[in-house]
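Take this structure, written in structure tokens, and hold onto it; I'll ask about it next.
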Amino acid sequence: MTQLAIHHLTSQYDGKSVIKDLSLTLERNEIVALLGPSGCGKTTLLRAIAGLQPITEGDITLGDQVISTPSKSVVSEKRNIGMIFQDYALFPHLSVKDNIAFGLHKMSATEQSAVVDDMLTLVKLQGYQSRFPHELSGGQQQRVAIARALAYRPQLMLLDEPFSNIDSQSRGEIMQEMRQILKKQQVPAVFVTHSKDEAFAFADKIAIFKDGKIEQIDKGNVLYTTPTSPYVANFMGKTNYIAIESITNDSIVTCFGSQQLQEQTIPVTDNVMMVRPEQIIVDEQSHYKFKVVGCIFAGSHWVYTVCAIDNKASDGKNITIELHSHLLLDVDQVVGLSLNIAHIVTFNFDK
Amino acid sequence: MFIQLSKKWPAFSWLLSLLLFLPLLAIVWQSFGDDQDVFAQLWATVLPDYLVNTLLIVLGVALLSAVIGVPIAWLVAMCQFPARRFYVWGMLLPLAMPSYVVAFVYTDLLEYAGPIQTSLRSYFGWSNAQDYAFFDVRTLSGAAVMLALVLYPYVYLLARTAFLEQSQSLVQSARLLGCSPWRSFWRISLPLARPAIAISVALVAMESLADFAVVHYFAVPTLTTAVYDTWLGYGSLAAAARLSVVMLAVLFILISIERIGRNKQRHYQRGSGQEKVVRHQLTGIKGIAASVFCGVIFMAGFGVPFISLLDMAINYFDQSWNSQFLEYSFNSLLLASTVALICLIIAIVLGFFKRLSASKSSDLAPKLASTGYALPGTVLAIGVLIPLSLFDHGINHFFESFGIDGPGLLLSGTVFAIAAGYVVRFSAIAIGSVESSLNKVSPSIDMVTMTLGLSPLKMLFKVHLPLIKKGCFAGALLVFIESMKELPAALLLRPFDYETLATYVYQFVSDEQLEHGALAAIVIVIVGLIPLIFLNRSLEQQD
Amino acid sequence: MKSMIAMAVGIATLASSFSVLSAPNSEKEVNIYSYRQAFLIDPVVAQFEKDTGINVNVVFAKKGLAERLKREGKYTKADLVLTTDISRLMELKDKKLVSPVESSIIENNVPSHLRDPQNQWFSLTKRVRNIYASKERVGNIAITYEDLATDKYKGKICTRSGKHPYTVALVSSMVAHHGEAETEVWLTKVKENLARKPQGNDRGQIKAIAAGQCDVSLGNSYYFGNMHTNPEQKPIVEKVNILFPNQQNRGSHINVSGMALTKYAPHKADAIKLMEYLTGDLAQSIYAKVNLEYPVKPSVEVSPLVASWGEFKEDELPMIEIAKHRKTALMLLDKVKFDL
């Protein structure tokens, strides 16, 4: 069942259209990440959903209620939407308990403290109720923020770069905790980030944003392996674009030789093939020899830069490969390489 | 923060502070003189009543200005309602109105023999005071309302800035948690703005404590009245000085409260204040109510007095037009801008010293320099006169010891005396403004600059001044506006043949013939309005 | 540090430019410290400047001029002090800030009971402490200051602040005539009879009577006259009579405005010239006609308006007596909490 539906939304900020004709739907219990560089309209979309930003065209439906049209808009306080801000926006003058109970003013005091206790248990902050925000660590502050938003029983949770102020060591752990809490409470969420790693870890689906539009929306692995545009491909990770020498009905020829196409057709106008660095393997049997020109140690793997010995074959461009083996290559060493690709993605770079 | 300042800077700062503290010291010194039992006698008779009146006035004005200033500041900063853009600066205008003019206009309008009560009587056919109930304007509450009407802009100004600087996400969070605009005001904006409000209310309290003109008009004897009574009536400067010291003690408590409030504020500061404000849309009756509330306060604090002045000025134009207006205006302008500049320089020197000095004692310097704000104008004037004339006498003795004629009253007999009096009185405003701007500059900026090899002085000019430009500007403008209006110190300290607009107007006000000075009063107001518009502009950029 | 020095130099230049600005630019001049509003003495001063070519500069302040004079000591630029009542003149003398003037012209012009026995101060004009009364409700009756304490005027009296010098001087004269104890009783009763808390100036009392808030009030003669010259205020003042109290016994209380030569007057000769001028026929008649005061010089006529109020008997209690009881009067006013 659809929980959030956005149809042909346009919104302006300082007279400029920041969101242009954008549509998005969110299923119950689904977490969608909005991923894109800063200034592409992600946060504006979030604010529009929260009712903090007027819209100029289209509409937004939450559950079965239309909450935003250009002419009519349900005020923020009546939307029943939770939001976690980048700075958490904890009220500095209120204790943890009062922060969490903030949205519960219609309940009796005993009901309130019951909810607060539940929430503190949920976010594992029992015993912290009388602390003040400045006495908590970043991660703790953030858990208070989520407890506060959840206590209000929102129909939808909005998260605006919530992990950017947390150190990288604890980030992964906190993301998993938060994700579990949201799933447990069955609250769908829209999550804004500019880090694909956060998006992969936290979201069910990722919407790649470009200039106020969604370029592609899908599961993370799908976006990674089958991006529909170089923009998405680049955003998802390091990519080599290998010139296509020729295309036939069942094969494609590059500097790595000919690849067989399996149940796949490729437009004949396409002239580059997307090759992820880990899709290239060392293959001593390969006829296609490359020379190593640089190498970087990256922890779990090595990143090598290579170039084809026959310069014409790869336009003289360097190719990046990632190797997880113990096999060490030296600079200037010549190796044979081949491709290991299940689904071939090609683009036309002349357009 | 510990950065090695050259020894000259602290020495200069202490010298400045002590110079500004001298008048107060002179008063304290006077208070040890023989008071001929006047103090004891006053204490046995009227002083307790005066004290109660003073406390009531100060508390009343503080409370009223908060009740007026804070909601208006919040409405203008956080809500969208009809005519908001006008009120953004309109609500500042009463600052340009000298309080003695407002007091005159209102007592004139509202007293029994005034036009309002007279027309009510003739309309309803009442013949005397027993026939109807009309509030007596010349009461303690009347005076408190009047003072609040001209002083609330201080609260408005500081509270508005505080509201705008609050992290927007806090208010937005509150709204998403189901908070109505009104509730978010009470639960979020107000408690967070509390330090700023406390500072502004303390300022207002100081102003009302030192006020003489208004309470005198409203026939409410206060401690200030007692100071003048003892000094001018009983001829005992010692007793008057002793009373002033009592007032100063009260004020010291107020200042301490203000400082504590400011210390807490640092702790609360978050949010860059650069986010765009999403205002609550007040529609329908709520929007109109907000607009009307602001409108009523605007009319009461500025509209009515200004129209009355205009009316008087037009009716008495021939009698009141004076070819020397230009000269008086020039004097006022030159004096006010010089004073504003000097106060600003003092504030920057002391503020920077406090920021960069390693020793705790550096906190004391700006405090000492701020004490002049507390003294009633005439007492301050005497306080300034004592050290200046001592200096003048010293200089003349020096010359005479060589058998040459001395230069005469080099300081106390020239405009220097007025300027010194104003600087002593108003540097507190500039110091407060500059200090709070400096507090907003992150200390790491200093570290970075020092590591880049800049001397403290270069750092001040290249880094801090550009960063605190707005605070400096705002402080200087406030000093300018206050100096345009300031009266008692000018009256007593001015040299021969030197008239400012304020002293010119006061001749007529003191004889209850404001109508002849109305034209000059309008000039004061208009000259005050110009910097107010700039002041508002500079604040608006934070919007 | 350089710019700090520059700043100090800047301030110093500023200061000196101020002193240059205000440096005397004319050799012939007289400087006045005035407790009277400048515009009230302007007509006389302008005439003097025209007649003699001596430039007159004025600083007006209601408070603290004596203190300033004291602080300035022998370097003062002030030659003359003008005051609005007797107590200020006495204060100047008591603080030894003035010097005696021996001028036969002034002695001839000012009767001896209106000047200091040592000639350290001189009166310039007289003002009567009248009682204003509603034409309609009180009429033109014989009245005394003592009457104000009777039940007849319960809730019918208005007055300005008890601390105003004019009121203080009247109370001083009551002390001189009746003693401290009796005056305290009188003040208490007057206070009980007040229709409203003491407030406003004398003009305000006339307005209150005209509007019906009260029936009688204490007030000075020249404010009453002054309101006749203002077209807006004339209809108001015409509802009110000016009464001269105590005509059957000691006469109406009078106060004086006056002048004194400062001890260290730098332009002594010219200042004495001005003093003589101020007591002369021309100045005295300007005082009489423009300010509607009673001239001290017996031969100068009062203005027709003032004359229309009729001849009256003045209380001939010496001015020094009034000044002597000043402190007692103030204490009594505080004791009965007259203004509260």
Side-chain angles (χ1 to χ4, degrees), chain B residues 6 8-9 12 41-42 45-46 49 107 111-113 117-118 127-129 136 138 218-219 221 225 228-229 232-235 237 338 342 345 378 381-382 385-386 389 392-393 396 406 408-416 419 457 488 491-492 494-498 503 507-508 510-512 516, chain C residues 1 3-4 7-8 11 14-15 18-19 21-24 31-32 37-40 57-65 67-68 71-73 75-78 91 94-95 161 163 168 195-201 203-204 207-208 210-213 232 236 326-327 330-331 334-335 337 339-340:
Chain B
S6 72
K8 285 176 207 155
W9 193 294
F12 186 59
Q41 195 246 318
L42 275 180
T45 54
V46 284
D49 295 275
T107 46
E111 68 178 0
Y112 185 84
Q117 287 203 54
T118 306
S127 59
N128 61 49
D136 183 5
R138 279 186 150 127
F218 281 74
T225 324
Y228 290 135
D229 273 0
L232 305 169
Y234 291 103
L237 186 59
T338 313
I342 296 175
I345 293 172
T378 309
I382 293 298
L385 203 55
I386 292 172
S389 49
D392 281 339
H393 282 252
N396 282 291
L409 299 174
L410 199 59
L411 302 184
S412 61
T414 62
V415 186
F416 183 89
L457 199 64
L491 277 178
L492 191 55
R494 75 202 144 116
F496 288 101
D497 244 11
Y498 181 87
T503 59
Q507 294 184 62
F508 300 102
S510 66
D511 205 40
E512 297 203 19
H516 293 286
Chain C
M1 220 15 76
S3 63
M4 234 147 72
M7 199 168 76
I11 292 173
L14 212 100
F18 274 149
S19 34
L21 265 180
S22 53
N31 294 324
I32 302 177
Q37 285 85 349
F39 69 92
L40 289 175
N57 303 312
V58 183
V59 163
F60 151 72
K62 280 194 140 184
K63 306 182 181 83
L65 288 174
E67 195 64 38
R68 178 168 170 183
R71 296 287 158 194
E72 289 173 341
Y75 305 109
T76 188
K77 289 177 188 158
E91 183 192 4
D94 289 346
K95 287 187 171 164
S161 161
K163 293 297 175 57
V168 177
R196 60 178 196 185
K197 190 174 69 165
Q199 58 185 258
N201 69 355
R203 232 175 246 125
K207 287 182 192 164
Q213 197 176 14
E232 256 182 44
I236 298 169
R326 179 181 167 73
K327 202 174 165 185
L330 277 165
M331 269 168 57
D334 274 346
K335 203 166 167 192
K337 300 187 178 180
D339 280 353
L340 283 163

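By convention in this document, chain letters (A, B, ...) are assigned in the order of the sequence lines, proteins followed by strands, and residues within each chain are numbered from 1.
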Between B:Leu385 and C:Arg68, the two heavy atoms sitting closest are CD2-CA, 3.4 Å

Under 4.5 Å to a heavy atom of chain B? For C:Ile32 that would be backbone

Residues C:Pro198 and B:Ala219: closest non-hydrogen pair is O-CB, 3.2 Å

Under 3.5 Å: donor-acceptor pair, side chain of B:His393, backbone of C:Tyr75
no

Okay, C:Lys197 and chain B: the region with an atom under 4.5 Å from a heavy atom over there is side chain

Sorted by chain and number, sequence neighbours left out, side chain to side chain donor-acceptor pair (under 3.5 Å) with C:Asn57 holds for C:Glu29, C:Asn31

The reported gap from NZ in C:Lys327 to CD in B:Gln41 (rounded to nearest 0.5 angstrom) is 7.5 Å

If one checks every heavy atom of B:Ile382 against chain C at 4.5 Å, the contacting part turns out to be side chain

Whatever's closer than 4.5 Å to a heavy atom in chain B on C:Lys207 counts as both

Under 4.5 Å to a heavy atom of chain B? For C:Ala78 that would be both

The interface call for C:Arg71 against chain B, heavy-atom contacts under 4.5 Å, is both

When every non-hydrogen atom of C:Asp334 is compared with those of B:Leu42, the smallest separation belongs to OD2-CD2, 3.2 Å

Residue set satisfying side chain to side chain donor-acceptor pair (under 3.5 Å) with C:Ser161, at least two apart, ordered chain then number -> C:Asp339

The reported gap from CD in C:Glu72 to CG in B:Asp392 (rounded to nearest 0.5 angstrom) is 8.5 Å

Residues B:Thr45 and C:Lys335: closest non-hydrogen pair is CG2-CA, 3.8 Å

Please step through side-chain contact (heavy atoms from CB on, under 4.5 Å) for the pair B:Arg494 and C:Phe60, ending with a clear verdict.
CA-CA 9 Å; B:Arg494 75 202 144 116; C:Phe60 151 72; 3.7 Å; yes

